[in-house]
Amino acid sequence: MSNRTGFTLVEAAAVLVAVAVGVSTVAVAIGQPEPEGTNLPKQDPPNPKANDPETIAAEKSAKAKAAQLKDATQVRGIHQGLVMFGQNNNDLFALPSAMDVGNSTVKATGAEKDTTANIISIMIWNGFFSPELTVSPVEVNEKIKVCTTYEYSMPKKAIAPITALWDPAFSADFSDGNTGNVSYAHLIPTKSRRDLWKNTFNSKEPVVGSRGPKIFGVKALEDGSVEPELAGRSNTLKMHGDPESWSGNVAFQDNHVEYKTTMTHAKSVYKDAKGVEHPDVFFYNEPEDETDTNAFLGIFTRAGNSTRNFKPIWD
């Protein structure tokens with residue numbers, strides 16, 4: 001049998017047909033759209049632990065921790081504002097009665113001006129922090145909201161808008177159906193506490209913090225500690241940690257912030273008439289303290305020279 005070096009006409013024709021069919025198939029494939037769904041982004045496979053109780057609890061705990069840290073940052077920011085104000089004011093914190101001496105901002109006179117709303121509004125007016133900073137990320141009271149209408153010049157609610165020193169429309173009063181714009185408590189600025197309402201840089205002295213519940217008394221315990229007696233259930237117990245007890249962030253005069261699970265500080269004490277030291281509850285004005293200089297943090301809608309002139313609000 002002899003070898004061949006080419007195609008017969010029949011074989012050549014068959015090859016041409018095969019090539020043509022192949023090219024046609026490729027052309028059709030190129031011209032056709034891809035099957036539906038092939039261009040969609042790839043999705044991760046379902047997480048079998050997504051509905052696992054432990055996973056849900058861990059995520060909830062992480063969110064609570066992040067909110068608590070943000071709250072601590074805001075508490076520290078408010079105190080930093082007071083510190084910076086004091087640096088340009090002989091170390092004294094903002095005191096409306098010392099600023100609005102011409103009565104061009106509010107109708108109240110003298111120490112009656114020294115309410116929470118006026119103090120915080122002065123800080124916002126002067127740019128030490130924004131209205132957003134004064135409402136906690138863990139706020140649960142629907143009557144406390146960020147003030148979105150703050151007027152930084154010519155405030156309409158002022159007695160003389162052109163010479164006003166803050167916006168009087170900013171409110172801290174969330175009682176009796178009102179809407180307030182402040183979540184946090186601060187040291188009561190009574191005349192007896194003038195030496196505390198300033199930059200002291202004392203790590204034992206609380207000045208700003210998460211607000212507390214209404215307290216009607218304090219019970220001394222055998223171990224030397226005290227137990228605040230609450231007037232009832234409170235929104236402040238729902239904001240951090242255990243809903244059965246208070247916890248929150250507190251800024252001290254050296255500007256460090258602590259997350260507290262008790263309403264006392266180990267180093268914060270007051271003395272009674274006999275000179276005996278007792279734990280100082282943050283949100284209670286101990287009547288045994290004749291000097292009236294114990295730590296008393298709150299939100300105050302009425303003010304004056306003495307503690308009895310101030311009206312604190314709770315919840």
Side-chain angles (χ1 to χ4, degrees), residues 72 75-76 78-79 82 93 111 114 116 184-237 239-300 302-315:
V75 168
R76 188 168 187 265
I78 292 172
H79 182 238
L82 291 171
F93 294 158
D114 298 334
T116 296
Y184 300 108
H186 62 82
L187 180 69
I188 186 172
T190 54
K191 188 175 182 179
S192 61
R193 293 175 175 84
R194 286 292 186 268
D195 288 339
L196 300 174
W197 190 247
K198 61 187 293 187
N199 286 330
T200 69
F201 309 105
N202 189 329
S203 62
K204 301 177 184 179
E205 298 172 356
V207 61
V208 176
S210 304
R211 72 183 185 279
K214 185 176 183 178
I215 299 171
F216 67 85
V218 173
K219 181 170 64 175
L221 304 180
E222 292 183 359
D223 61 1
S225 64
V226 295
E227 180 180 311
E229 298 179 297
L230 309 187
R233 300 294 296 175
S234 171
N235 280 326
T236 64
L237 306 185
M239 295 173 72
H240 291 283
D242 183 358
E244 298 300 317
S245 61
W246 180 88
S247 56
N249 292 297
V250 178
F252 293 82
Q253 284 281 24
D254 64 345
N255 200 227
H256 86 276
V257 174
E258 293 185 24
Y259 181 66
K260 308 293 295 182
T261 55
T262 63
M263 288 181 260
T264 59
H265 184 56
K267 298 179 181 179
S268 180
V269 297
Y270 73 93
K271 293 181 180 180
D272 62 20
K274 296 179 180 180
V276 179
E277 291 186 342
H278 301 274
D280 191 355
V281 178
F282 298 138
F283 312 111
Y284 182 64
N285 188 43
E286 284 83 358
E288 298 85 5
D289 175 21
E290 294 185 349
T291 65
D292 197 38
T293 57
N294 63 86
F296 181 22
L297 276 60
I299 294 176
F300 306 97
R302 193 167 62 230
N305 278 318
S306 65
T307 301
R308 67 176 180 272
N309 298 133
F310 279 77
K311 180 184 178 181
I313 58 173
W314 294 274
D315 236 28

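None of the values given here were measured: they were computed from a predicted structure. Because only heavy atoms are used, hydrogens play no part in the values below, and waters and symmetry mates are left out as well, while side chains stay in.
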Once you round to the nearest 0.5 Å, how far does [atom1] of [X] lie from [atom2] of [Y]?
X	Y	atom1	atom2	result
D280	K267	CG	NZ	15.5 Å
S306	K191	OG	NZ	10.0 Å
D289	T307	CG	OG1	9.0 Å
S247	M263	OG	CE	10.0 Å
T190	N285	OG1	CG	8.0 Å
D114	W197	CG	CH2	9.0 Å

Exercise. Kindly indicate, with the supporting measurements, whether the criterion side chain to side chain contact (heavy atoms under 4.5 Å, CB included) is fulfilled by V226 and E286.
Key: CA-CA 12 Å; V226 295; E286 284 83 358; over 6 Å; no
So, for [X] and [Y], which heavy atoms are closest and what is the spacing to 0.1 Å?
X	Y	answer
Q253	N199	OE1-CA, 4.4 Å
S234	D315	OG-OD1, 2.7 Å
P279	T264	CB-CG2, 4.3 Å
H256	S203	CE1-O, 3.5 Å
S192	D292	OG-O, 2.7 Å
L237	S245	CD2-C, 3.7 Å

Practice problem: Measure up the F283 and W246 rings against each other and bin them: parallel (under 30°), tilted (30 to 60°), perpendicular (over 60°). | Solution: perpendicular
Practice problem: Please state whether the rings of F282 and F252 are parallel, tilted or perpendicular, taking 30° and 60° as the class boundaries. | Solution: perpendicular
Quiz item: Does the pair Y259 and H240 meet the rule for a side chain to side chain contact (heavy atoms under 4.5 Å, CB included), with working shown?
Solution: CA-CA 10 Å; Y259 181 66; H240 291 283; 3.4 Å; yes
Quiz item: Are H186 and F300 an aromatic pair by the rule of ring centers under 6.0 Å?
Solution: yes
Self-check item: Derivation and outcome, side chain to side chain contact (heavy atoms under 4.5 Å, CB included), residues V250 and H265
Solution: CA-CA 10 Å; V250 178; H265 184 56; over 6 Å; no
Practice problem: Answer yes if the side chains of N249 and S210 hold a donor-acceptor pair under 3.5 Å, and no otherwise. | Solution: no
Exercise. State, without any angle test, whether T293 and Y270 hold a side-chain donor-acceptor pair at a distance under 3.5 Å.
Key: no
Quiz item: So L297 and I188, side chain to side chain contact (heavy atoms under 4.5 Å, CB included) or not? Walk me through it.
Solution: CA-CA 6 Å; L297 276 60; I188 186 172; over 6 Å; no
Practice problem: Taking the side chain as every heavy atom from C-beta outward, state whether R302 and N309 have any atom pair closer than 4.5 Å. | Solution: no
Quiz item: Do F93 and V207 have side chains that get closer than 4.5 Å, going by heavy atoms?
Solution: yes
Self-check item: Pair K214 + E229, salt bridge at N-O below 4.0 Å
Solution: no
Quiz prompt | Candidates T262, I215, N294 - the one meeting side-chain contact (heavy atoms from CB on, under 4.5 Å) with V281 | solution = I215
